[in-house]
Trainee: 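My structure is below; once you've seen it, I'll send some questions.
Quantities reported herein were computed from a predicted structural model and do not represent experimental measurements. In what follows, residues are counted from 1 in the order of the sequence shown.
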Amino acid sequence: MFRIITLCVFLFFHFEITAQQYYGWATGYSGKILNTTNGGTNWSSQSSGTTNDLYSVSFINSSTGWTVGWSGKILKTTNGGSNWMSQTSGTTDHLYSVHFINSTTG
């Protein structure tokens, strides 16, 4: 995980490497999610649907991933981040890290 801090804007990175392309996601301040499909040459913003800070992101492939953050926020995508769905964490504690090894084990 890389951290970039610039003018109070922070992003946390996760990259998926496939045979054809480099996929990556960055999450951060105020629900910010960015993604790349070319190893970081170009980045696109994705709508997270939250203003909670997002601290960590984990993908098991180029489609399915989770991000976690402020006040127990958990978001999941099954389409590469085109849509993010909120999941219940059962806590209001801040979640600083997430890692999944497959679609059911995290």
Side-chain angles (χ1 to χ4, degrees):
M1 174 172 65
F2 298 96
R3 293 185 186 188
I4 296 178
I5 301 174
T6 308
L7 300 172
C8 297
V9 176
F10 58 87
L11 298 173
F12 300 92
F13 291 91
H14 174 82
F15 282 92
E16 291 297 330
I17 300 172
T18 67
Q20 298 168 344
Q21 297 183 22
Y22 295 151
Y23 291 87
W25 287 265
T27 60
Y29 183 70
S30 293
K32 180 63 110 182
I33 300 177
L34 302 175
N35 82 303
T36 182
T37 58
N38 57 14
T41 301
N42 302 97
W43 289 88
S44 300
S45 183
Q46 295 182 328
S47 177
S48 68
T50 187
T51 57
N52 291 47
D53 295 347
L54 299 171
Y55 297 124
S56 182
V57 61
S58 178
F59 273 73
I60 57 168
N61 55 44
S62 61
S63 298
T64 305
W66 294 260
T67 183
V68 299
W70 193 260
S71 295
K73 180 57 79 178
I74 299 174
L75 301 175
K76 179 183 180 182
T77 184
T78 56
N79 58 12
S82 295
N83 302 98
W84 290 89
M85 299 152 287
S86 188
Q87 294 189 315
T88 302
S89 69
T91 185
T92 57
D93 291 341
H94 308 319
L95 303 176
Y96 292 103
S97 184
V98 63
H99 178 73
F100 274 78
I101 58 171
N102 60 43
S103 63
T104 60
T105 306

Trainee: Using 0.5 Å steps for rounding, measure from the CG atom of Leu75 to the CH2 atom of Trp66.
Mentor: 12.5 Å

Trainee: Heavy atoms, side chains only, cut-off 4.5 Å: are Asn35 and Ser44 in contact?
Mentor: yes

Trainee: Calculate, to the nearest 0.5 Å, the distance between atoms OG1 and OH belonging to Thr37 and Tyr22 respectively.
Mentor: 13.0 Å

Trainee: Evaluate the side-chain proximity of Tyr55 to Val98: yes if any heavy-atom separation is below 4.5 Å, no if none is.
Mentor: no

Trainee: Drop me the distance from Trp84's CH2 to Thr78's OG1, to the nearest 0.5 angstrom.
Mentor: 10.0 Å

Trainee: Closer than 3.5 angstrom, by distance alone: can the side chain of Ser89 be matched with the main-chain N or O of Ile74 as a donor-acceptor pair?
Mentor: no

Trainee: Hey, is the main chain of Gly80 close enough, under 3.5 Å, to the side chain of Gln46 for a donor-acceptor pair?
Mentor: yes

Trainee: Please answer whether the main-chain N or O of Gly69 pairs with a side-chain N or O of His94 as donor and acceptor at a distance below 3.5 Å.
Mentor: no

Trainee: Distance check, rounded to the nearest 0.5 Å: Leu95 atom CG versus Lys73 atom NZ?
Mentor: 10.5 Å

Trainee: Can you tell which of Val68, Thr67, Ile33 makes a side-chain contact (heavy atoms from CB on, under 4.5 Å) with Val57?
Mentor: Thr67

Trainee: Among all residues two or more places apart in sequence or in another chain, which pass the side-chain contact (heavy atoms from CB on, under 4.5 Å) test with Thr104?
Mentor: Asn102

Trainee: Using side-chain contact (heavy atoms from CB on, under 4.5 Å) as the criterion, list what pairs up with Asn83, not counting sequence neighbours.
Mentor: Asn79

Trainee: Does the Asp53 side chain pair with the main chain of Trp70, one donor and one acceptor, at a distance under 3.5 Å?
Mentor: no

Trainee: When rounded to the nearest 0.5 angstrom, what distance separates CZ in Phe59 from OG1 in Thr77?
Mentor: 5.5 Å

Trainee: Which is it for Ser86 and Thr50 under the side-chain contact (heavy atoms from CB on, under 4.5 Å) test, yes or no, and what are the steps along the way?
Mentor: CA-CA 9 Å; Ser86 188; Thr50 187; over 6 Å; no

Trainee: Counting distance only, does the side-chain N/O of Ser48 pair as donor-acceptor with the main-chain N or O of Gly31 below 3.5 Å?
Mentor: yes

Trainee: Only counting residues at least two apart or in another chain, list the ones meeting side-chain contact (heavy atoms from CB on, under 4.5 Å) with Ser97.
Mentor: Ser56

Trainee: Is there a donor-acceptor contact under 3.5 Å from the side chain of Thr36 to the main chain of Asn42?
Mentor: yes

